[in-house]
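Convention: sequence-line order gives letters A, B, ...; per-chain numbering from 1.
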Amino acid sequence: MKDVCALLRAVTLALVFAASSAAAQEKVLKFIPQADLRILDPITTTAYITRNHGYMVYDTLFATDAKFQAQPQMVDKWDISKDRLTYTFTLRDGLKFHDGQPVRSADCIASLERWTKRDALGQKLAQSTESWIAVNDKTFKLKLKKPFPLTLDALGKLSANVPFIMPERVAKTDAFQNITETIGSGPFRFVKDEWVPGSKVVYAKNNDYVPRKEAPSWAAGGKVVKVDRVEWTYIPDSATAAAALNAGEADWWEQLPPDLIPLLRKNKEVRVENIDPLGSLGIIRFNFLQPPFNNQKMREALLYVLDQKDYVLGIAGDEKNGHTCYSFYTCGTPLSSEIGAEPLKGKRDFDKARKLIQESGYKGEKIVIISATDQPIVHSQSLITAELLRKLGLNVELQAGDWGTLITRRTSKEPVDKGGWSIFHTWFVGPDMLSPANVPMVNLGEKSWFGWPADPKIEDLRQVWFSTTDALASKKASDAVQVEAFRFVPYITTAQFILPTAYRTNLSGVIVAPVTFLWNVDKK
Amino acid sequence: MIVYILRRLGATLIVMAVVALFVFSLLFLTPGDPAAVIAGDVATADDIQRIREKLGLNEPFLVQFGGWVWRLLHGDLGTSIFTNLPVTKLIGQRVQPTVSLTLLTLVFAVLVAVPLGVIAAAKVGTWTDRLVMGFSVFAFSVPVFVLAYLLISLFSIHLEWLPVQGYRPLADGPWPWLSHLILPSIALGTVYMALIARITRAAMLDVLAQDYIRTANAKGLAPRAVLTGHALKNAGVPIITVIGIGVALLISGAIVTETVFAIPGIGRLTVDAILRRDYPVIQGVILLFSGIYVLINLAVDLSYRLFDPRIHY
């Protein structure tokens, strides 16, 4: 029997080898992405998978490095006028789009103008912008109406929406409509003919790409491509993805659920690592337009009873993959602090919370938590919060559907008995929550993100932060925003967690960064 | 016969039109908004509203439905809201994997199940019969995904004979194509096999009790000839019916199999489109399914004549 098995195995391997001998000529990195790539336009959507696709295909003028500094990427030289109102940028030599056309100032200006229509930080930049002027094909100027100290940080924004540079004809597309052509100047070319939405995305090395000389550091530095081709194969089932990695059918699985870590750790040819130094933050968001969370005391009550350790275990399964974060900004980053965090950090106090609920005048109104069972990070938070609110004696109903339903339903401003909601949960990657510029901190009422909080004091303090020009002042201003946020409670951070990555030991050069980058990776 | 076929094909168009109206209405009423999915998690309500306008989702029901029907009459199933690719192209990319999986499953199930059912009927009441029926009950009870994981664990991880996941087109060669479909076909076909085996056994037992079988046995025909030449042919109508219904079941059952084995087929396309509210894709796929179901039923009805010449249309 053993002989028969060995023979069958040998025949199988021989046939597979024969069939794939042509493909074996080139170095192919087989990658299982975190999600399916559906939308190719990194400006119309903030989906992280589209952002990652953007980093493959496009390049940026500036890029954030591991020290949170914006470093020139496509830009060779830049300077700022003494009045801080005029920036002049000169592009590097040899920048070319995948169709062979050179990257020009006009392409950069059109791309940035489109980006500023969609991105929150980009919109802030646009409010301060007087004009973009092309001096020549390689040099252009940004003229500001008033100084905007975060200009370079905005142009080097690490996470969605990233100000990627596209050809002018593509960037002229309406900012609310998807682009139809995927042409960038980045390190990889998108092979559209081989794209099977829901299954496979193929990128080929861009042989015309001229990397910077510096070593890679997060999105900055040299983007040296060491493989000929990258194939993203989306495997929706986690157990199958684990089996594919174990069997060597895939080289790298971007994000794995915590329960499969022990299984993959048993394989000596697979390395399970946390390569995301920032992790992600889970949050609770309230509906500020409807009772009972339109009352500040109700939101404050939750600060006294919410135990982040429960959420860490619920989301990450193990304390090794997460930790508490008593800050509105990603812990471990320059602006994070625990100032004002005593209600969230101190001993859990149900009596205090019940007292606050009583003071709020809560009369047993139904609290509807909307959740999505197809999003484990969202649903695990929802279950924990529902249990917590029940322990406080509140009238809670957990209404679980799918993510598509949740993100539609959360647009409703109606009371809960007319399809509205009281609480939803979501999560953001660390780079999206670095500062008071983060989206859930916006407090402009109906112009804010879902939940529509309105705290003029937070907005005033945010404006102060936007105008700070040095690190000390920036820290002081962000602390002030946080102190007010712990009073008003626009949202609550539930946990900081890391979804580990797993790759086979024949890979080297994996970049440690909050975003998955596929340059610098070599395969033996 | 030709008139009957033409009449049935005409009815197919009516069924598809009713399905189209029903699906369009259902999607219009179902909660969910593709604009919200496109915009992403940090978009504002204003962003979503502007994307809705660009996509024409704010138009009244009749305008949207009318536009869709008009394009449909011109052979245009529309464009995916998310990928910007034509629905026909998306379906075209997925047809080969699903058809391959379905056909291979069908062949595997019928080739195994019909002989098993015949043997069980011929040896009714014996240990062979009990073994076959016990196996059928087991195969019918095991969920597809459980069997799929067991097969992957044994044949892909431990023995390393077959790939874990994915699909290779036939153009890449017969073995790469087949090797990626063996495990999915077994996983998907086992339930189907159990169903056919049980129906075959029941139909055969019914036929074997008939007078003409007793006559055939009495005149000295070999047992195998009686079983295959007389009994099986006359038991064919219910078996063909269940195979026909089974094909429809296979297409829907393929969703789980395609997900577990990461096969880019129509089933996964449908589920993904529903989760994202990609309306043109959902409508296109459901129209395709309804057309296939009606045509399969027609083919089953026509095949009855092969087994029973008394049937006329």
Margin query: Which atoms of B:I48 are under 4.5 Å from chain A, going by heavy atoms: the side chain, the backbone, both sets, or neither?
Written below: side chain

Note to self: Any heavy-atom pair between the side chains of A:D36 and B:F82 that's under 4.5 Å?
What the structure shows: no

Checklist line | A:D237/B:R268 salt bridge by N-O under 4.0 Å criterion | finding: no

Next item on the list: Side chain from CB out, backbone as N, CA, C, O: work out which of these in A:T405 comes under 4.5 Å of a heavy atom of chain B, or both, or neither.
Entry: both

Checklist line | Max heavy-atom pair count under 4.5 Å with chain A, selected residue of B:A36, B:A35, B:P34 | finding: B:A36

Next item on the list: Working to the nearest 0.5 Å, report the span between OH of A:Y234 and CG of B:D272.
Entry: 6.5 Å

Check: Looking at B:K89, B:E53, B:R277, which one has more heavy-atom pairs under 4.5 Å with chain A than the rest?
Finding: B:R277

Margin query: Looking at A:K124, I'd like to know if its NZ atom is crowded, meaning that more than 12 non-hydrogen atoms belonging to other residues, nucleotides or ligands lie closer than 6.0 Å.
Written below: yes

Margin query: Can you confirm whether more than 12 heavy atoms, excluding those of B:F138, are under 6.0 Å from its CZ atom?
Written below: no

Item checked: Option that, when pairs with chain A are counted at under 4.5 Å, heavy atom only, ranks first among B:D41, B:I152, B:T44, B:T83 -> B:D41

Checklist line | Selection from A:I407, A:L406, A:D119 maximising heavy-atom pairs under 4.5 Å formed with chain B | finding: A:I407

Note to self: Let's test your reading of the structure: which of B:S153, B:P163, B:G173 forms the most heavy-atom pairs below 4.5 Å with chain A?
What the structure shows: B:P163

Check: Checking B:I157 against chain A: side chain, backbone, both or neither under 4.5 Å from a heavy atom?
Finding: side chain

Margin query: Using a 6.0 Å cut-off, check whether atom CZ of B:F28 has over 12 heavy atoms from anything other than its own residue.
Written below: yes

Margin query: Counting heavy-atom pairs under 4.5 Å with chain B, which one of A:S448, A:P236, A:A175, A:S199 comes out on top?
Written below: A:P236

Next item on the list: Without swapping roles, check the side chain of B:E160 against the backbone of A:A247 for a donor-acceptor pair under 3.5 Å.
Entry: no

Next item on the list: Under 4.5 Å heavy-atom distance to chain B, tell me which part of A:Y48 shows up: side chain, backbone, both or neither.
Entry: neither

Note to self: Once rounded to the nearest 0.5 Å, what's the spacing between atom CG of B:N84 and atom CD of A:Q177?
What the structure shows: 8.5 Å

Next item on the list: Mind checking the CG-NZ spacing from B:D46 to A:K447? Nearest 0.5 Å is all I need.
Entry: 8.0 Å

Notebook entry, point to check: Between A:W403 (side chain) and B:V37 (backbone), is there a donor-acceptor pair under 3.5 Å?
Noted result: no

Next item on the list: Using a heavy-atom cutoff of under 4.5 Å, enumerate the residues of residues 38-46 of chain A that contact chain B, numbered in order, or state 'none'.
Entry: A:R38, A:I39, A:T44, A:T45, A:T46

Check: What part of A:D402 is in contact with chain B, defined as an atom under 4.5 angstrom from a non-hydrogen atom: side chain, backbone, both or neither?
Finding: side chain

Notebook entry, point to check: Would you find a donor on one side and an acceptor on the other, under 3.5 Å apart, between the side chain of B:Q165 and the backbone of A:I235?
Noted result: no

Notebook entry, point to check: Is there a side-chain contact between B:R94 and A:V196, using heavy atoms and a 4.5 Å cut-off?
Noted result: yes

Next item on the list: For each of A:A47, A:A243, A:A250, tally heavy-atom pairs with chain B at distances under 4.5 Å, and name the one with the top tally.
Entry: A:A243

Note to self: Heavy-atom cut-off 4.5 Å, strictly under: side chain, backbone, both or neither for A:I179 against chain B?
What the structure shows: backbone

Note to self: With a 6.0 Å cut-off (strictly less than), is the heavy-atom count around CZ of B:F140, excluding the residue itself, greater than 12?
What the structure shows: no

Note to self: Nearest 0.5 Å, please: how far is NZ in A:K200 from CD in B:Q93?
What the structure shows: 11.0 Å

Next item on the list: Measure A:D432 against the heavy atoms of chain B and call it side chain, backbone, both or neither at under 4.5 Å.
Entry: neither

Check: Is it the backbone or the side chain of B:L85 that comes under 4.5 Å from a heavy atom of chain A, or both, or neither?
Finding: side chain

Next item on the list: State whether the side chain of A:T411 and the backbone N or O of B:A45 hold a donor-acceptor pair below 3.5 Å, judged by distance alone.
Entry: no

Next item on the list: Could you check which of A:V442, A:D174, A:T50, A:L37 has the highest count of heavy-atom pairs closer than 4.5 Å to chain B?
Entry: A:D174

Note to self: To the closest 0.5 Å, what do you measure between CZ (A:R118) and CD1 (B:I51)?
What the structure shows: 4.5 Å

